[in-house]
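Note that the structure is predicted; figures quoted are calculated from it, not measured. Residue numbering restarts at 1 for every chain, and letters A, B, ... go by the order of the sequence lines.
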Amino acid sequence: MNLWILLSILAGAYVIAVIENWVVTNRLRLVQPLLAGVALLGREPVVPRQPDRLLFETAPPLLLAAALLSIAVLPLAPGTVIVDLATGALFVNAALAYVMVALVMAGWGADAAYALIGGWRFLGQLVAYSMLIVMPITAVAMRAQSLVTTVIVSSQAPVPNAVTQPLGFLLFFLAAMAVAFLPPFDLPVSRDLADGVFGEYTGARLAVLRLARLVLVLSLATGVTVFYLGGWLGPVLPPVLWTFLKTLVVATVMLVGGRYVPRVGIDALLEWSWKLGVPLALVNIFWVGLTLLAVGR
Amino acid sequence: MVAARPGRMTWERRVFARLLSHDLTTFVVPGLEVAHAAGLDPEAAGLTPVATPRHAVVLLLVGEVPEELARAAAAVYGQMPRPRSVLAIGADRSPLLPPAAVAAAATQEDLVAAVRQLRTVLAQDAWPAETSASAVEQQPEPRADAEQHAGHPGVHELPSGNGTMEGQDDHQMRHDHAHPSASEAVQTPPVAAEHDASHHGMDHSSHGSAEQPGAGHEHMQHGDGGGMSMAMMTQDLPRSPDGLPMEWLTVPFGPLFPGLPGGLALTFTLDGDTVVQTSMARGTMKRDLTRAWQGPLSTFPARFARLDPLAADAYRLLAARALDGAGGVSVDRSLACGRIGALERQRALSHLVWLASFSWLIGDRWLRARAISLQHHLRTASDMPAILRLRPEIVRFVDRALANLPLRRRLRGVGSFAEADTATLRGPVARAAGRAEDARQDDQLYRDLGFTPVLGTGADAWSCLTVRLAEIRQSLDLIAAAGALSAAEPTPPHTGTGTGVATVETPRGRATLHLTISDGAVQAVDLDAPSPHNLALLETVTARHELSDALAGVAALDISPWELGR
């Protein structure tokens with residue numbers, strides 16, 4: 001079962017790669033990501049002259065591990081989850097913290113100024129998005145009265161959380177894009193830093209980094225689906241297909257939306273997150289609390 | 001000729017090679033803006049531009065590459081992992097670079113054909129075939145000058161653990177000289193003075209001035225058992241304005257930094273991610289043009305246009321007008337209108353090309369894609385009716401860009417020069433500060449066509465953008481009013497002696513040319529171009545700005561490095 005889930009994750013990551021390629025090039029090329037990925041394996045694996053070798057080598061697999069860990073607790077269907085933790089919703093947040101660790105390691109380990117600054121930027125980005133990840137999850141858990149992800153999905157049987165908690169949905173959605181450093185939040189890998197933390201990686205290491213990012217996007221899109229769109233709930237179609245379709249839509253919106261706005265500045269991101277985002281997240285928690293008291297689950 | 005990976009071509013490597021040949025990522029020299037200005041669209045030809053040579057398979061050389069820039073390109077090439085290749089489009093062979101795997105003329109059709117040919121070459125030569133192994137591996141790698149390598153990019157590969165020199169090459173081995181230690185790297189900021197062009201490509205690791213994390217903090221003497229207080233450890237470090245002692249980095253951005261004009265060699269001293277000091281290296285684009293400009297009158301406009309490939313038509317027109325002045329020739333109204341049409345078309349194209357580069361830097365993909373598409377359509381529009389059909393689409397694009405709230409929010413206040421002295425500024429930058437500096441207002445024919453300068457408010461990156469967008473729309477109106485689009489052909493060749501002065505409002509501002517001719521040849525040329533005047537704002541738009549804002553501020557000035565070096 002876990003093997004099937006892992007294969008599904010890889011397949012989902014591939015679909016996201018196809019969508020991303022389509023968004024960037026305006027052409028739908030189903031095989032291009034596979035060709036590009038395999039071609040990367042054939043390129044020379046260059047290592048900077050004086051890297052911090054441990055950090056440089058560890059960063060790509062750590063990023064992949066963080067992405068896989070975060071998706072491991074998200075259910076695709078009833079009983080279809082790699083690990084059904086009692087604190088699954090919190091575990092997602094804990095796993096995603098290692099995204100920052102991996103990117104800072106990649107930035108520092110390369111011994112390159114552009115990568116270093118990219119790592120710093122993501123540190124700042126973490127300060128911006130971290131509360132906007134955990135506070136909406138708190139509100140979601142309040143309604144479900146549980147941190148178990150399967151219970152959170154089941155709690156949305158009458159109405160999805162996106163309808164009852166629209167503010168939380170919006171904040172979590174945007175914060176998820178920031179965690180995945182998708183445009184317009186691609187500060188650590190931006191073109192004005194010559195691809196930043198990714199800039200010094202080549203060959204198989206770069207392939208792992210790119211795969212990790214795709215899995216991260218998949219994980220966060222699945223997180224949005226599980227926490228706000230009712231996960232596998234839906235009529236007619238098999239549950240896993242509902243999860244897949246909803247995740248696909250979320251991922252597409254994430255990838256397409258950033259195309260039309262410029263990259264945010266780190267200072268603006270921090271300002272908006274803390275002066276507007278966090279108060280709104282508190283309002284969201286307060287609102288959910290009131291509705292629970294008044295209406296019940 | 002492809003710089004192949006070491007090893008024999010086996011069946012699985014053949015598969016890799018074939019796949020690689022279909023994923024041609026490219027690093028463009030001097031820059032994408034030069035390719036677009038030449039009417040080339042690398043993406044449409046199947047090349048994907050990338051921001052770092054580490055991710056590039058192809059080094060795309062477009063047009064003229066000055067010697068210093070070729071050195072930088074050589075360093076960039078050395079940073080590309082193998083297999084790697086050079087594709088030369090309309091570019092002469094440079095001894096500093098390896099021979100091109102494929103070379104072609106600077107047209108889109110030839111580029112497409114060249115890319116197709118390159119795919120075949122890469123598929124065959126990514127690993128050397130047995131019969132050609134020695135020929136490929138003996139190809140000497142380009143070497144940067146050792147002196148100029150100091151404090152340079154150039155990531156150096158290490159031998160892999162299996163004993164093969166994976167990723168190592170002669171170039172890197174010869175340049176494994178010591179980089180400055182951490183204590184040398186941590187220093188008070190350098191004097192912000194111009195220095196010889198000594199920064200090639202981009203900073204890719206092991207940069208001499210970057211803190212070397214692996215090496216630790218030698219000057220802090222951790223290891224000798226005595227221990228030091230934080231105050232003692234940081235006592236010699238420069239202080240940020242907030243009082244925190246930080247280790248400052250000196251980082252090059254250029255002369256081949258994507259998003260900035262190719263040839264612009266900036267160096268930022270960074271306090272964290274804040275720019276504290278900016279310097280610029282001159283001489284990157286030196287081409288000894290002053291001597292090349294002397295010579296026969298008939299070919300002078302074409303030779304003069306070599307100055308700036310980003311505004312070739314504007315400089316061709318400037319040369320033609322100066323020749324007319326020197327020869328005492330008056331131009332009839334229809335030719336003058338045609339010249340205006342050509343100049344305004346150049347202006348619109350130049351602004352769209354600039355917008356594509358600027359959008360790349362600030363990460364606005366839609367803006368970039370539309371700018372590239374529209375400039376391509378405008379460039380290929382063969383006559384007036386075609387341009388007039390294109391006008392509504394361009395105007396809609398301009399209106400949509402001006403109404404883009406996230407874009408305004410991003411750029412407002414960025415690269416502000418409101419407090420600077422704007423008296424010497426030229427072109428859209430001056431007009432963005434509200435100053436009506438425009439050579440066209442002195443031209444009676446322009447006034448007859450209803451021209452008034454476009455002025456902005458705010459004197460920042462957003463204001464520069466809005467002025468250029470409005471000028472695109474205005475240029476189309478002027479083209480329609482002029483009713484002609486003829487190229488700036490000179491009137492019949494002049495003979496004799498004389499001096500001529502002409503002024504043209506190029507896309508970057510007023511340019512004035514003083515010309516002396518005698519015996520039917522150009523003897524002396526004195527050019528006052530706009531970009532050197534706007535350089536004065538470099539420190540203003542970067543100092544104390546966060547890095548991305550500083551880069552956006554510099555890009556908003558649209559400085560042409562080609563005008564800085566001759």
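- Residue Leu551(B) touches chain A through its side chain alone, counting heavy-atom pairs closer than 4.5 Å.
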**Request:** Test Val15(A) against Leu218(A) for side chain to side chain contact (heavy atoms under 4.5 Å, CB included), laying out the working first.
**Result:** CA-CA 9 Å; Val15(A) 171; Leu218(A) 177 70; over 6 Å; no
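- Ranked by heavy-atom pairs under 4.5 Å with chain A, the list Ser548(B), Ser359(B), Gly259(B), Ala369(B) is led by Ser548(B).
- When heavy atoms are compared at a cutoff of 4.5 Å, Val15(B) does not approach chain A at all.
- For Ile266(A), the part sitting under 4.5 Å from any heavy atom of chain B is the side chain, from C-beta outward, and nothing else.
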**Request:** Check the pair Arg410(B), Asp549(B) against salt bridge (charged side-chain N to carboxylate O under 4.0 Å, His left out), reporting the backbone distance first and the verdict last.
**Result:** CA-CA 9 Å; Arg410(B) 173 69 184 92; Asp549(B) 288 350; 2.8 Å; yes
**Request:** Take Arg121(A) and Asp273(B), measure what salt bridge (charged side-chain N to carboxylate O under 4.0 Å, His left out) needs, and give me the verdict at the end.
**Result:** CA-CA 8 Å; Arg121(A) 279 185 180 176; Asp273(B) 64 350; 5.3 Å; no
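- Counting heavy-atom pairs closer than 4.5 Å to chain B, the top-ranked of the candidates Asp195(A), Leu35(A), Asp267(A) is Asp195(A).
- For the atom pair CG (Leu211(A)) and CG (Leu10(A)), the distance works out to 6.5 Å, reported to the nearest 0.5 Å.
- Atoms CD and CG, from Glu20(A) and Leu214(A) in turn, are 6.0 Å apart once rounded to the nearest 0.5 Å.
- When heavy atoms are compared at a cutoff of 4.5 Å, Ala17(B) does not approach chain A at all.
- Only the side chain of Pro183(A) comes within less than 4.5 Å of a heavy atom of chain B; its backbone N, CA, C and O stay farther away.
- Taking Trp360(B), Trp366(B), Phe16(B) one by one and counting their heavy-atom pairs under 4.5 Å with chain A, the maximum is reached by Trp360(B).
- More than 12 heavy-atom neighbours from other residues, nucleotides or ligands sit within 6.0 angstrom of OH on Tyr14(A).
- Crowding of Trp272(A) atom CH2: a count of heavy atoms from other residues, nucleotides or ligands under 6.0 Å not exceeding 12.
- In this structure, no portion of Ala401(B) lies under 4.5 Å from any heavy atom of chain A.
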**Item:** Evaluation steps, salt bridge (charged side-chain N to carboxylate O under 4.0 Å, His left out), between Arg84(B) and Glu44(A)
**Value:** CA-CA 10 Å; Arg84(B) 60 194 180 204; Glu44(A) 188 177 36; 5.1 Å; no
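- Of all the listed residues (Leu260(B), Val414(B), Val57(B)), the one sharing the greatest number of non-hydrogen pairs under 4.5 Å with chain A is Val57(B).
- Contact of Leu270(B) with chain A is made through the side chain alone, with heavy-atom distances under 4.5 Å.
- Proximity to chain A is absent for every atom of Arg13(B), based on heavy atoms less than 4.5 angstrom apart.
- For chain A, the nearby part of Arg400(B) is the side chain; its heavy atoms alone come within less than 4.5 Å.
- The candidate with the highest count of non-hydrogen atom pairs below 4.5 Å against chain B, out of Ala115(A), Ala39(A), Gly42(A), is Gly42(A).
- The local environment of CZ in Arg119(B) is crowded, with over 12 non-hydrogen atoms from other residues, nucleotides or ligands closer than 6.0 Å.
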